[in-house]
Each structure stands twice: as C-alpha cells, then as structure tokens.
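In the text below, chain A, chain B and the rest are named by the order of the sequence lines, each starting its count at 1.
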There are 2 protein chains.
Amino acid sequence: METGKRLTTNAGITVGVVRKLLHRGARGRLGRILAKAYPVEVARLLSTLKGSERAQAFSILLDECDAAHVASVLSEMSPADSTALLERLDPTQIARYLSELPADDATDLASRLPDPLATQVLALMEAEPAADVRELLEHEERTAGRIMTPNFFALDEDMTIAEAVSALQKRSEEYEMVFYLYVVDKRDHLVGVVSLRKLLTTHPSTQLKRIMVTDVINVNTGADQEEVARLVAEYNLLAIPVVDDEDKLVGIVTVDDVIDVLQEEAAEDLLALAGVTAEERVTTSAARSLRLRAPWLLLNLITTFFPAFVIAQFDWAISKYAVLAAIVTMPMGMGGNTATQTLTVMIRGLALNEVSSVRQIVLKQAIVGLGNGVINGVVGSCAVALFFKSFYLGLVLACSMVINMLVAAFAGTLIPIALKKLKIDPAVASSVFVTTFTDVGGSLSFLGIASLLINRFPHT
Amino acid sequence: METGKRLTTNAGITVGVVRKLLHRGARGRLGRILAKAYPVEVARLLSTLKGSERAQAFSILLDECDAAHVASVLSEMSPADSTALLERLDPTQIARYLSELPADDATDLASRLPDPLATQVLALMEAEPAADVRELLEHEERTAGRIMTPNFFALDEDMTIAEAVSALQKRSEEYEMVFYLYVVDKRDHLVGVVSLRKLLTTHPSTQLKRIMVTDVINVNTGADQEEVARLVAEYNLLAIPVVDDEDKLVGIVTVDDVIDVLQEEAAEDLLALAGVTAEERVTTSAARSLRLRAPWLLLNLITTFFPAFVIAQFDWAISKYAVLAAIVTMPMGMGGNTATQTLTVMIRGLALNEVSSVRQIVLKQAIVGLGNGVINGVVGSCAVALFFKSFYLGLVLACSMVINMLVAAFAGTLIPIALKKLKIDPAVASSVFVTTFTDVGGSLSFLGIASLLINRFPHT
C-alpha cells in the first residue's frame, strides 16, 4: 500500500518538490507528476504557489496534460483562482476545457467569466455541452436547477432488467456516476427508482416497474440549494432527482455536489456572523480583504455612536464619580456575550427549521438570560463593591447586568426571527443590530440607575 | 408523483395530524403512519413533541413498528433525545434494537448509555453485532476506527469478475451500501478497488487484479474524523477504506456518515466561537442552557475586569473631561469587530489547512487592520470632533482606532495559531482572549493618549 500512503499524505507532490523542479526547468518531469496526481491535489498546489511560479506551473499543466485533466483541476480550484487563470487563456482554449467538464461544473466556471468573454466561450464550445450549460444558466444561482447535472441515466418503466443492464453497459461511459436508475414514464415523468444492486439481484425478465420504489424523494428545479442539501443529508441519499413544474425529470444533484453546498453554506454562516463575506480566505490579498471588510466595519462604526451618545448624556454623573466610566463597560460587554450566544443558537435553529413556537423560545431565552444575569451580577458586583469599597456601585452593576442580559435574550431571539420574516438572511444582518441593543441597554441601565443613586457613591 | 411530493413536503406526518390522532387514541392508525414514514421523519416528529405526547408516540412506535424501524428512528435522533428515550426501556429491549443497527450507529448509541446499563446491554446483544460494537468502542471517539462500519464487502484479488458478481449477488443483503468493491490480498491487505460499474462492463473471466485501481485513498483507524471527512469531500468519494497499522482493511466510512461529521464540525465551530457548546439547541431546556452557558459567561466576566481596571486608572482624566468615558467605547468596540473578523477567517483557514506562512498572514492582516483603522479612524474622528467641537478629541480617537485595529489584527491571527500549536481547539478558546486584548488595547491607547493631551480638551 505504498501508493495509498502516498496519496493520503500527498508526499508525492509537495510544494517544495514542485518549486525545485520549476527552478531546474524540469518541465517534462513536473508535467508527468501533475498528470498522475488527482485534480484536487494539483488545484491545491496551484493555489499555494504565487505569481510567476503559479503561472509557470499552470503553463506546464496546459502543455503536458490532457484537456479533461486540466478542466478537472480548474473546477476544483477556488472560484477566484480559477477565474484568474482562465482569463489568461484565449476563448477557444477555455471553450475546449469547459466542453470536457460535467455540465454543472462547466456552468459554474462559465458563470464566473466576465460577460463578453462568457458569450464568446459558449459560442465556441461543442454544441451539446454548450446547450447543457445554457440550460442550467437559465435557472437562478443557488437553486437545484442551477447545480444539477442534466446528464443522468433514466430508463423506461416498461423495460426489463436484462434490457436495463444492457443499456447501462452501453451508455455508462457517458455519465459521471450512476447511483440510482431513475424510472420514467412515456412522457418523462419521474415514476420510480431502482438501485444498482437490485438490478444485479433480480431475475433478468422482470419489468422495472415491478421492482421500482415509487416513493422517490425529489426536488423542483426552483428549490434552494440548501433545501436540496438538507434532503440529501437527512435521507442519506447519493443523488436526488430534479423535476420541472410538470414533474418531468430534468436532472440530478449528486452527493459530492451536496457536500460542496454544505461546506459553502456552513462557512458562510460562520463568516457572516462575524461580518466577513464567504469569499474571504486567509489567502485573499490584503487590498481585497480591506475592500470586503470596510463596509461592515463602517456600519459598525455608526452603531458605536449610540452607546457613546448614551454615555455622553451622563457626563455630569461621570464627572462626579469617574469610576462609573470603568464599570459601565462590564454590563455592555456581558450583554454582548449573552446576545452572541443566544443569536448563534437561534441562527442554527432557524437553519435547521427547529424554531416552532416563538413565544416558548423567547420565554426560555429570557429565563436563561435572567439566570445568567443573576449569577454574573452577583459575582461581578461583589468583586466591584469590595474593590471600590461601595455597596451601591455593586448594587447598580448587579441590576444593570440582569436588565441587560434580558435585553440580550430578547434582542438575540427576536431580531433573527424578524429578519427571517423580512427575507433577510439572519446570519448576515443580526449581529450588528443585536449588539447595538445590548450596548445601549448596558450603558443606559447602568448609568441611569447610577445617576439616581449618585449621592450614595464614595466622594472622589 | 403525488408520493414524491408528499415526501418532499412531509405533509403526511405533520405534528398537528399526529397530535390529533394521539388525542383521539387512534393508536393503530398512527402506528401505520409511523411505520410507513422514513426514520428521519419519525425522529424529527418525536423531537418536536414534548412530555407525555412524546412518550405516547414513542410507545406506539415500539408496539406497532418492527425493531429495525425503531432502531433507525433512534439513530436519527439527537444524542440527548435518543438517550433519554432509550433509558426508559429495559436492557433486553435496548439490546434488541441495537442489534438491528449498522455497527457504527449501534456503537454511537451504546457509547452514550450510562456505564452499568451499557455493559448490560452489550451482554444481552446478539453475539456478532456485540463483537462489532466492542471492537469499535476500542477506538477513540472521533477517529476513523470509531465511526467506521466493520461490515464491508471485500474480495480476493485472484477472483474473476464472474465470481465477484456472484459473491455480490449472494451476500449483498448483509451490507448497508456497496459503492466500491475493495480488493485484498491473501492476508487482508488492501491492494485495490473496483467500481460496481466496471464490474458490469468488463468480461466475466477477467481477474479483479487486472482491472482494479491500485491507488486507493485510505485512512488509518487512528485518523481524526475531520481528516476522514476532508478526504472524502476533496476526492469526491462515496466511501473511504480504513486500514489498521499493518495496512489490513478493517472497515469503511461511507459518505452519509461523512456528511454527519461535516455538519457536526461546522456547527461546533460556529457555536464554539460564540461560547456555546455543540449540545445546545433552541429546543434545549432553560435549566440545561443556563448550566451549559454559565462557565463561559463567568470566564468572560473575569475578562471584563481588565478594561474596567485600565479605565479606572484614568479616573482623574475622566473627572476632568467626562466625554472621554463616552468615546473610549468606540475604539474598544471597533477593535472587537475587527478581531472577530480576523479570527473567523483564521479559524476557517486553520480548519482547511490553508495557513502556510504565518509571517505572511500576520503581515497581511496587519495591513488590512491598518487600512480599516485609518478609514474608520478618519470617519469616526471627524464626526466626534465636529459633535464635541474638539479637534484633539478626534485626533486621539483616530490614533487609538488605528492602534487598536493593529492590536486586533495581531491578536486575531497569533492567538488561534498559538492555541492550535498548544493542541487547544482555536475555535473554542480564541475569542475570549482576543477580545480581552482589544478591550485593553482600545481603552489603554485612547485614554493614554487623551491623558497626554488633557489640557487641549474643552473645559467642562
């Protein structure tokens, strides 16, 4: 199993080895290594190389490997990287590579090309793949119709097992992967499914319609890709058939594409909560990162004016007892933390469709906020009261902590629900609103109560 | 396609219908509905029902459906829910259900039972599945050896295609899913793989070793489940073989389990960044949520003392010019936002193994932090200078904003890298450290510079 080991560790194509070969000018040898490696490995390698080294390695790939391999490598790269490399080629070359790819991958690449170039490339592609790409491009991004492959293996319900096996043997070369044999009626309506294994273990003269399962889980072309992924994941499927509005079978989405969708969506949620676009990676250039993040930070800058404005209203109290300025940051910060916890649980719950009774969830989060407010309020205010030798300072902190953790619970639950109702992605927009509430809630409750008790604090 | 539609919308088993049948006492009718539904649908239904309704529905499931269906439903539920339901049954019943499950799912459930019960159940299970579960339990949690199924289909390299097909036909019933035919030598070493399709399209007298692919991507039993998932996702596999330290084939991990791992890990990262354990869902009880979140909030409470302490050192400056107390929250907040952005990109980069040159990444993030510090510093300080009629207040804010965004860039990159080096999950522990740095950096830089220029501010 040396070969297996090599692949699991990728020892065969380390960046170091490739750099050495590039500097030695060993094009032929490097070409053979690239041709033998899996596309995803070559893609990873190209993404790691920079500038002229990447350009050199890519030109060796083009010269020494067949078009199908080059195409697969391109489709395994990040969208930004593959587009950058494609744009250096002439339209005829791009068309040749796209023609080699499964329709869904070709569509993905084509959709990222700038417009005049994309049209040129489509015109230069072979007729059949070009037609497939055009068809997929008609569907909206991130829908089943856009990510499906229109090249699937379907059989007529009246066929026998023997006929099905011979059809499979004759035509299997054309298809990426055959997991299920979908069965259609005379007018292409999806009516059933037969597993490959069932095909092997049933008598050859049996008709497909007698052994097919008629309960086929399917999606409409307009279904959101998240919904497609959820169904495949929940029902442990290897592929899901896509039907049009007349229930005609028009494509399938395979599990490998579903994994891509799941990874993409998970990363987006994670990044969106922090105000980062899904496009940004550690490898993104500084200029691009700056441009991508600036709008979010400017929006946040506006929200920082609110608590600043609130605190400024209490300048008379702070002038009398400046320690208030130090302690006000505590309920603000703790409210923010509670709100982020609540918000994250809500975002996940909304994504998994687990939010049924809003009242029950808000009530529960309010109890949790109240409980944690009391625990942290007591601990925090004891420490503060002892340190600053003021019982009343501790009391104000405790009250403010409890109040702001309740604010956090309400804002953290109701804002994402409201945004979802307004068809705004709660993962993207919630956190900026929620923390504004807790910043204002924390500063207003703390300084408001403190100003009522201002004469109770130690004189400074 | 009414049946397909029913399944995609789940209209057949809405909670409302089930409640109605429960209240009417229509056990038989509900039992038939539960028996016909997919296990995942019944699992979702049971999770939505509460208290006595859930208990009733579960007892109907036990009485009216076969053991295999009950077992599948249990394995589709969340760990907390399935354990709670299992603990109500006697050990003999639990053993019966576990014996019906694939070994990996049975192991998962068995590992969650409290200890004396788990031992009893294992002793009561059928000999063969019990042995499988015991074997998997010997491997550490979250490794390939723990999540694999030891029941795979492997053939001897000297077999012919005809013999392989007949072996598949005879024994396919025993296996969950057969995607690839793994080929082993006389001593069970993994030596190759043949696809089902290749089997159908090759001449029956050909020997397996002549058509097998020898480059088999595989993992060791000790491999982390994230590594397993990454390989399956990257190489678009349907299953990955697991070998022991002698390269003997001992199990496979299938793509449906990989999807579970990916979803689990993605949710954990998202929740961990916010200080929520993966266990918590919107449906978790208030008492449990409170207990799960309290430690994180108390840890955060401690960290809020640091900026409070810093601000308290400048009480003399704040007494003179109380507006400083309002504005200090701005660089603190903006530093926190920048740090969260940077941290999230890093967590993702570390998970995807994209972090190669630390120096390069830190430098890049510093440039981004500097750029955003200048942009937000200029915008924010102009607004503040105009509003409070103080050029110097604006100047102090601008300087502090730039400094703290640099602090955010360094803390946001170096802390997760350091934690990863220390083998601590950066997603779990980073954010509390990082925001402490930016809170201290923001307050210290703002008030430090302000105190140097204290005589330049308007008199209050």
Side-chain angles (χ1 to χ4, degrees), chain A residues 1 3-4 7 40 169 172 196-197 200-201 214-218 233-234 236 247 255-256 259 266 270-271 274-276 280 282 286 289-290 293-294 297 300-301 304 307-308 311-312 315 318-319 322 325-327 329-330 333 337 340-341 344-345 349 354-355 361 364 367-368 371-372 376 380, chain B residues 1 3-4 7 40 169 172 196-197 200-201 214-218 233-234 236 247 255-256 259 266 270-271 274-276 280 282 286 289-290 293 297 300-301 304 307-308 311-312 315 318-319 322 325-327 329-330 333 337 340-341 344-345 349 354-355 361 364 367-368 371-372 375-376 380:
Chain A
M1 275 313 301
T3 48
L7 282 164
V40 66
Q169 286 171 339
S172 73
L196 267 188
R197 203 182 352 158
L200 284 174
T201 54
T214 54
D215 247 6
V216 193
I217 295 164
N218 64 79
E234 281 196 348
N236 298 330
D247 282 335
V255 69
D256 54 319
I259 286 181
L270 177 67
L271 295 165
V276 187
E280 183 171 342
V282 285
S289 284
L290 186 62
R293 290 193 202 173
L297 287 174
N300 271 279
L301 180 67
T304 62
I311 297 172
D315 57 355
I318 292 168
S319 301
I327 310 304
T329 58
M330 295 178 65
N337 289 327
T340 308
Q341 288 184 323
T344 309
V345 173
E354 290 179 343
V355 176
I361 285 169
K364 189 204 105 176
I367 295 171
V368 176
N372 273 319
N376 287 281
Chain B
M1 275 311 303
T3 48
L7 282 164
V40 66
Q169 286 170 339
S172 72
L196 268 188
R197 203 187 344 162
L200 283 173
T201 54
T214 55
D215 248 5
V216 193
I217 294 165
N218 65 80
E234 283 195 346
N236 297 331
D247 282 335
V255 70
D256 54 320
I259 287 181
L270 177 67
L271 295 166
V276 187
E280 183 171 342
V282 286
S289 284
L290 186 62
R293 289 192 202 175
L297 287 174
N300 272 279
L301 180 67
T304 62
I311 297 171
D315 56 356
I318 293 167
S319 303
I327 310 304
T329 58
M330 295 178 63
N337 289 326
T340 308
Q341 288 184 323
T344 310
V345 173
E354 289 179 343
V355 176
I361 286 169
K364 188 204 106 178
I367 295 170
V368 176
N372 273 319
I375 295 172
N376 288 281

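Heavy-atom pairs under 4.5 Å with chain B were tallied for A:Leu301, A:Ile361, A:Ile311, A:Ile327; the largest tally goes to A:Leu301. Heavy-atom pairs under 4.5 Å with chain B peak, among A:Leu271, A:Thr340, A:Ile367, at A:Leu271. Put simply, of B:Ala233, B:Gly371, B:Ala286, B:Gly380, the one with the most heavy-atom pairs under 4.5 Å next to chain A is B:Ala286. Top candidate by heavy-atom pairs under 4.5 Å with chain A, chosen from B:Leu297, B:Thr329, B:Asn372, B:Thr304, is B:Leu297. Between chain B and the options A:Ala266, A:Gly275, A:Pro307, A:Gly333, heavy-atom pairs under 4.5 Å are most frequent for A:Gly275. Taking B:Thr344, B:Ile318, B:Ile375 one by one and counting their heavy-atom pairs under 4.5 Å with chain A, the maximum is reached by B:Thr344.
B:Asn337 pairs by the side-chain hydrogen bond (donor to acceptor under 3.5 Å, both in side chains) definition with A:Asn300, not counting sequence neighbours. Evaluation of the side-chain hydrogen bond (donor to acceptor under 3.5 Å, both in side chains) rule for B:Ser289 yields A:Lys364, B:Glu280 as partners, not counting sequence neighbours.
Heavy-atom distances place the side chain of A:Val40, and not its backbone, under 4.5 Å from chain B. Contact annotation for A:Ile259: only side-chain heavy atoms (C-beta onward) come within less than 4.5 Å of a heavy atom of chain B.
Without hydrogens or angle criteria, A:Gln341 side chain to B:Val276 main chain gives no donor-acceptor distance under 3.5 Å.
Across every non-hydrogen atom of A:Ala326 and B:Ala308, the tightest pair is CB-O, 3.1 Å.
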